[in-house]
Amino acid sequence: MTEETPEAFQHVSRKSGLQIWTINNMKMVPVPDQAFGNFFEGDCYIVLYRSQASSNSMDIHYWIGNSSSQDEQGAAAILVTQLDEFLGGSPVQHREVQAAESSKFRSYFRNGLIYKKGGVESGFRHVESNVYNILRLLHIKGRKHVTATEVEVSWSSFNSGDVFLLDMGKVIVQWNGPQSNRSEKLKAVLLAQDIRDRERGGRAQIGVVEGGDEEDSPELMKIMRAVLGQRSGKLKEAEPDDTPDYHQQTANIKLYNVSDESGKLVVQEVAMQPLTQDLLHSTDCYIVDQGGSSVLVWKGKEASVEERRSALGRAVGFIKAKNYASSTNVEVMAEGGESAMFKHLFISWTEKGQTKGLGNVYTTGKIAKVEQVKFDVMELHARPELAAQQRMVDDASGQVQIWRIEDLELRELHPSSFGQFYGGDCYLVLYTYKRANKLQYILYMWQGRHATQDEITSCAYQAVAMDNKYSGVPVQVRVVMGKEPRHFLAIFKGKLIIFEGGTGRAGVTNPSPGARLFQVRGTHEMNTRATEVPARSSSLNTNDVFLLKTDHTIYLWYGKGCSGDEREMAKAVADVLSRQDKQVVMEGQEPAEFWVALGGKAPYACDKRLQKEETPHSPRLFECSNQTGRFRMTEVEDLTQEDLDQDDVMLLDTWEEIFLWIGRSANEYETKEACNSALEYLRTHPAGRDPDTPIISVKQGYEPLTFTGWFNAWDPHKWSGGSSYEELKQKLGDAASLSQITVNLNNTELSKGSAGGSNGGGGYSAPGGPAQFSSPPSYKLHLGTGGGSCGPSSPATPVGQGCLSPTLSSPALGPSITLTPSTTPTPRTGEYLGPSTTLAPSTTPAPRTGEYLGPSTTLAPSTTPAPRTGEYLGPSTTLAPSTTPAPRTGEYLGPELLLNKSPKELPKGVDPNRREDYLSDVDLENLLGCSRSGFQRLPKWRQNDLKKKAGLF
């Protein structure tokens, strides 16, 4: 930082990612990375998140523990305001209360939040790795956003519907309530693994007990009973999850003006939903009240310094004045830095310098003018984000089949009638295309505005039947007349004509309406359609081209604001509409017959407006649930592919379209009600969304580019390669059979209850705080390779079963330990082998994950396998190039051995083109300014550029 940096913010880094501080003696104390996700209930924290996508996008959260003092809360609020000013006033500020955190806050901690008893003032300290004198019980809640709360170490804390982790330092037992679901079990396993790897150096063992089948895990139950005692009585009933209710989130949204002109704080109601952007003035601050579920504060750029500084405090005061819950979420944002959720509360939102175009429209549809990109199919496949933004899966050159609903059955149409849709009919349009040499399908269900309810129902039924015919592969798109999505328009190559009423059925004579007027919108064959509008003068618009069809001629009326491209497309549509003579009419030069056909001249829209692309809204992802009997939605922040759970139905709102993603194991009722859920979402949206917005149903594993493009680094093989709960559980069993560690059941020094006590000092200690017992609990180490009086263990032996070997009093092997290859097992994950350790190359297996080889270690290239994940190779280590494979994840070399070195100066075996692979994650991030995963997502030229600047090229 610079010399001007205040002392309080010396630890604030400019790098992207997460930074966390706890408040200690009214100062910000950094929390180490390995403690991220652990929060003491007696403390307050400040969390800064800087987006990797944009360094200017920042969020500051201050977290309030349930047992924190008023002084700490006040200090946190003051420091947040000062930090906001230090960072230029652009961050969005959030107030978070324990157990009621926002979805954005929880998204930072993918494996869950852990609430721990105590705090800094009571002597508790945060996480140190490789500390095992721990005894605690964690109560796991949540399906999408997981929280783990320390509860009393007793059977009385358990219930039948949730998952619990009994954490004993070197052993973590996961107990699954009989009524817990697979998603909750999976999240708990991931959290247990995270505790093991991040806080225990990978050395803890994890066992799983299914609460409904405890007899299947006798050894693990023996451990639990040794710690918890014998269970008496029935388990408590399941506790319902506190899931946000979307109805509450959108009810009674009000806008208030906050002013101090009179010297007193004045809060005055300005408007109720739906809100418009012009209600916000740069000279003022405003509060948006979401019915008590959250309070959002908007600070105008020209508001007084005092008003801006006191915005957060006023929001808290507003909550108290309204008697809202103290856990109500608060967001504070500056003009120009509004969050996606804030923008979604307004009917429309435009950035400075943009105009809202297209004038008045007399159909229910509207086409936004967008930058046109030449459609190169290969480019769309290579750049799915382009496909998503353009709403195009390909260049619309695939095969098309169309059926009309007649007498509630399907009647296939001849290609000669393709593109002509009547408002009295319903149609099914099946589009077939290839992607990676595999057939893909999109099934459009087009609903005419004047079709009967029976026809609409039959259309949906026939769509399900056709979906089944193609084994559930088609993407289903509900299309309401006048709201056709871009790809649908492109299929018909500029010749799509929508008739207001009537039918296209053979033998049915439509009543003659006399003159018919069509509004033509589009600049090329990929985005053009002609829509019938009332044949009267007031339907005209100076920005568009209209076709007036009479008994003898077709008039092409060119408004003064239309473009040459629009005129050319109108000519092509006129040729399809009729073979009659065409007459061009320029606006202002209409013949008398033209006005007579329209029933006389009358005023019409003649406001010439710039036609620019509408401001794109950021996509928002929601988890949908009907489990409680009411439609509930939970927002998922910073959407990633990992957020798509196969047990869920997810709603992705891209504003112009609504996607419903249906997981393979989604609840059958939720699947059936998915479309109704989307309609309910649109109906209750605070911005007054159009209920006819296209709704696209997507099944897991068959996602089109228009869906996947909204996600960064989409992995098409994830669904086939990801581990299920059952697979993860099986892997835990395998790991446990390799090294059987059990709690010494005879140890009487284990303390029940949450670990706590005083440790003194200001450092960080193990989860749960310093242990209450005076010495670490004893552990029994089963040597799986023989030795002593015991034979080898069975691979099926569960955790806790097997011989009782000598007790180890220390969790680490000291530097003077010598492992004899004939009787000593392979070192375990996380063990430190000191510089004097000897590994006999001929008989000793390769070191395991997490072992560190000192600088004097020698690896014999002829017989020793490559080092495994987590090993640190000191500067004197030699990698034999002839036999050693490429470096594996976790092998680290010091930066001084790699930076600005010629290939000859590099350690043997190091690939000069892949130097970054030999850096630890911390060194790589410090040198390149981004995480390893972020670096790997960058294009090759950008990677090389960063490497050159860092001296790694």
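Put simply, the side chain of E703 never gets that close to the backbone of T708: no donor and acceptor are under 3.5 Å apart. Proximity of a side-chain donor or acceptor of K493 to a complementary backbone N or O of A396 within less than 3.5 Å is detected. Here the side chain of R689 pairs a donor or acceptor atom with the backbone of W655 at under 3.5 angstrom. Between the side chain of E484 and the main chain of G482, a donor-acceptor pair closer than 3.5 Å is present. Judged by distance alone, with hydrogens and angles left aside, the side-chain atoms of E455 form a donor-acceptor pair with the main-chain N or O of T452 at under 3.5 Å.
Going from atom CE of M392 over to atom CG of N527 covers 9.5 Å, rounded to the nearest 0.5 Å. In this structure, SG in C459 is found 12.5 Å from CG in D454, a value given to the nearest 0.5 Å. The NE2 atom of H685 sits 12.5 Å away from the CG atom of D690 when rounded to the nearest 0.5 Å. Between F421 atom CZ and E532 atom CD the span is 15.5 Å, to the nearest 0.5 Å. Atom CG of L191 is separated from atom OG1 of T147 by 9.5 Å, given to the nearest 0.5 angstrom. Interatomic distance, I695 CD1 to F659 CZ, rounded to the nearest 0.5 Å: 12.0 Å.
Here the side chains of Q462 and L408 are not in contact, with every heavy-atom distance at 4.5 Å or above. Side-chain contact between M650 and Q700 is absent, with no heavy-atom pair separated by less than 4.5 Å. No side-chain heavy atom of I696 sits under 4.5 Å from any side-chain heavy atom of F707. Looking at H487 and V477, their side chains never come closer than 4.5 Å, going by heavy atoms from C-beta outward. Between I497 and F492, the closest side-chain pair of non-hydrogen atoms is not below 4.5 Å. Side-chain contact between L410 and M466: present, with at least one pair of heavy atoms (C-beta onward) separated by less than 4.5 Å. Proximity of V393 to R435: side-chain heavy atoms (C-beta onward) are nowhere separated by under 4.5 Å. With a 4.5 Å cut-off on side-chain heavy atoms, D692 and R478 count as touching.
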For this session: I would like to know whether I491 and Y431 meet side chain to side chain contact (heavy atoms under 4.5 Å, CB included); could you show each step before the answer?
Result: CA-CA 8 Å; I491 289 173; Y431 180 78; 3.9 Å; yes
For this session: Test M481 against T531 for side chain to side chain contact (heavy atoms under 4.5 Å, CB included), laying out the working first.
Result: CA-CA 10 Å; M481 176 177 168; T531 307; 5.8 Å; no
For this session: Output, in order, the C-alpha distance, side-chain angles, deciding distance and verdict of salt bridge (charged side-chain N to carboxylate O under 4.0 Å, His left out) for K187 and E184.
Result: CA-CA 5 Å; K187 291 290 186 181; E184 292 170 326; over 6 Å; no
For this session: Under the side chain to side chain contact (heavy atoms under 4.5 Å, CB included) rule, what do L651 and D653 come out as? Steps first, then yes or no, please.
Result: CA-CA 6 Å; L651 184 148; D653 181 5; 4.1 Å; yes
Exercise. Hey, mind stepping through Q179 and S160 against side chain to side chain donor-acceptor pair (under 3.5 Å) and telling me if it holds?
Worked result: CA-CA 6 Å; Q179 298 174 30; S160 61; 3.2 Å; yes
Problem set entry | Evaluation steps, side chain to side chain contact (heavy atoms under 4.5 Å, CB included), between F518 and L577 | CA-CA 10 Å; F518 296 85; L577 191 62; 3.7 Å; yes
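Under the 4.0 Å criterion applied to side-chain N and carboxylate O atoms, D643 and R110 are assigned as salt-bridge partners.
Looking at every heavy atom in both residues, M445 comes nearest to A463 through SD-CB, 3.4 Å. Shortest non-hydrogen contact noted between L679 and P691 is CD2-O, 3.8 Å. Closest approach of V520 to A530, counting heavy atoms only: CG2-CB, 4.1 Å. Considering every non-hydrogen atom in both Y422 and G502, the closest pair reads CB-O, 3.5 Å. The two residues I405 and R505 make their nearest non-hydrogen contact at O-NH2, 3.5 Å. For the residue pair C426 and G448, the shortest heavy atom distance occurs at SG-N, 4.2 Å.
With F164 as the partner, the side chain to side chain contact (heavy atoms under 4.5 Å, CB included) test is satisfied by one option alone out of N176, V209, N159: N159.
Y461 OH: 12 or fewer foreign heavy atoms inside a 6.0 Å radius.
Among residue pairs with one or both ends in residues 406-419, those qualifying as salt bridge (Lys or Arg N to Asp or Glu O under 4.0 Å) are R404-E406, E406-R411; sequence neighbours excluded.
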